Amino acid sequence: MKKKVSIFNFTNVYNKESFYRDDKSSISCDIENVSYSNSATLGDTGNATCLNVIDCSKISGTNCMCDDGAMSEIRSMIREHEIGADEIHFIDNGNYHYMSAIMLEQVKEPFSLVVFDHHPDMQPPMFGDILSCGGWVLYAFENNPNIRDVHIIGADRKLIDELPDDVRERAHFYDAYDVICRKDYYFNGSDVHEKRVDGESASCNDYDDIDDLKKCVILPETQFPVYISVDKDVVTSDEITTNWDQGEMRVSELLATIDRFFDERKVIGVDICGECAPEQEGINVDEAITGNDAFNGEILERVLDHLDTV
């Protein structure tokens, strides 16, 4: 992976976030102060990190579904700014998760797609071959010959069961307790409270930090390089607010699992979505944006740290 960060600003929510700015003292500073060229740099990470901030707010036909005109315009922007799949991408809220499928068109080697999401995103289209936020994983699997297997972590079991059998069989699904060995994930009176990790017993109900928690992570089996796509709605709403219903993972568990992927797999790209909507009802938008900004900064720092050690 390259130390490059691309921010696709569809709803302008990133205008109020500061995680990608050198000056993080305010989340209300103008996005116009950030360069839109590949020569921009991000923070003080030892080696320069290239930054692209792409204004997508004026592209029509993008909300939840990406029509042909929007797809053509987005692809042109990607080419213009020389954005590769082998970078870190922030792609706004979950309505735009289909951006992952567009970025994956650039991967030219066999790879595994790993998705953290409370929704399977494998809904067959109602008509045609439309690309949507709710069906982008299935779209990518059917249209990208380099995807060899799909691993979806944290999706709602009810939503998985509602998928057609032939669709459900195309992906591997994991609950949170399949990848994080924690006692309190076991229920229904089960007396099985331990799993084996690296040949040792692991039951990680308590932990001091993310490094400790990493020891409790059991990664999906795959023999290919990994592209990681994160929708923050996989995280409990007690810790992050997104614009979709949410799952039960903790931020620390998500970060620990991503860390383990970087430690033990070849990661070829990462994208993150799941912002709140700027005018979302029923929430304190400023607080939600602040929480998402903090998470974005943490995951970005951790990924860049991994890239510094490569």
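Bear in mind the structure is a predicted one, so any value in this text is a computation, not a measurement.
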Verify the ring-centre separation between Tyr20 and Phe90: is it less than 6.0 angstrom? no
For His119 and Trp244, I'd like to know if the aromatic rings sit close, meaning centre-to-centre distance below 6.0 Å. yes
Apart from Ile130 itself, which Ile, Leu, Val, Met, Phe, Trp or Tyr residues share its cluster (side-chain heavy atoms under 4.5 Å, direct or through members)? Met65
Tell me if the CG atom of Asp67 is crowded by more than 12 foreign heavy atoms within 6.0 Å. yes
Using a distance-only test with no angle check, is there a side-chain donor-acceptor pair under 3.5 angstrom linking [X] and [Y]?
X: Asn9; Y: Asp55; value: no
X: Asn292; Y: Thr241; value: no
X: His306; Y: Asp308; value: no
X: Glu275; Y: Asn296; value: yes
X: Ser76; Y: Arg79; value: yes

Run the side-chain hydrogen bond (donor to acceptor under 3.5 Å, both in side chains) test against Asp165 and tell me which residues pass, sequence neighbours left out. Arg168
Does [X] reach the main-chain N or O of [Y] with its side chain, forming a donor-acceptor pair under 3.5 Å?
X: Asp175; Y: Tyr177; value: no
X: Arg260; Y: Lys214; value: yes
X: Gln246; Y: Ile240; value: yes
X: Asp92; Y: Thr11; value: yes

Kindly compute the distance separating CG (Leu159) from CD (Gln123), expressed to the nearest 0.5 Å. 8.0 Å
What I'd like to find out is whether the side chain of Cys276 reaches to under 4.5 Å of the side chain of Ile283, using heavy atoms alone. yes
Side chains of Glu253 and Leu213 in contact at under 4.5 Å (non-hydrogen atoms): yes
Please list every donor-acceptor pair under 3.5 Å in which a side-chain atom of residues 100-111 meets a protein atom from a residue at least two apart or in another chain.
from, atom 1, to, atom 2, distance (Å)
Ser100, OG, His97, O, 3.2
Ser100, OG, Ser229, OG, 3.2
Ser100, OG, Asp271, OD1, 3.2
Ser100, OG, Asp271, OD2, 2.8
Glu105, OE1, Arg75, NE, 3.2
Glu105, OE2, Arg75, NH2, 2.6
Gln106, NE2, Ile83, O, 3.0
Lys108, NZ, Glu105, O, 3.4

Kindly determine whether Thr236 and Glu248 satisfy side-chain hydrogen bond (donor to acceptor under 3.5 Å, both in side chains), including the steps that lead there. CA-CA 4 Å; Thr236 172; Glu248 61 181 16; over 6 Å; no
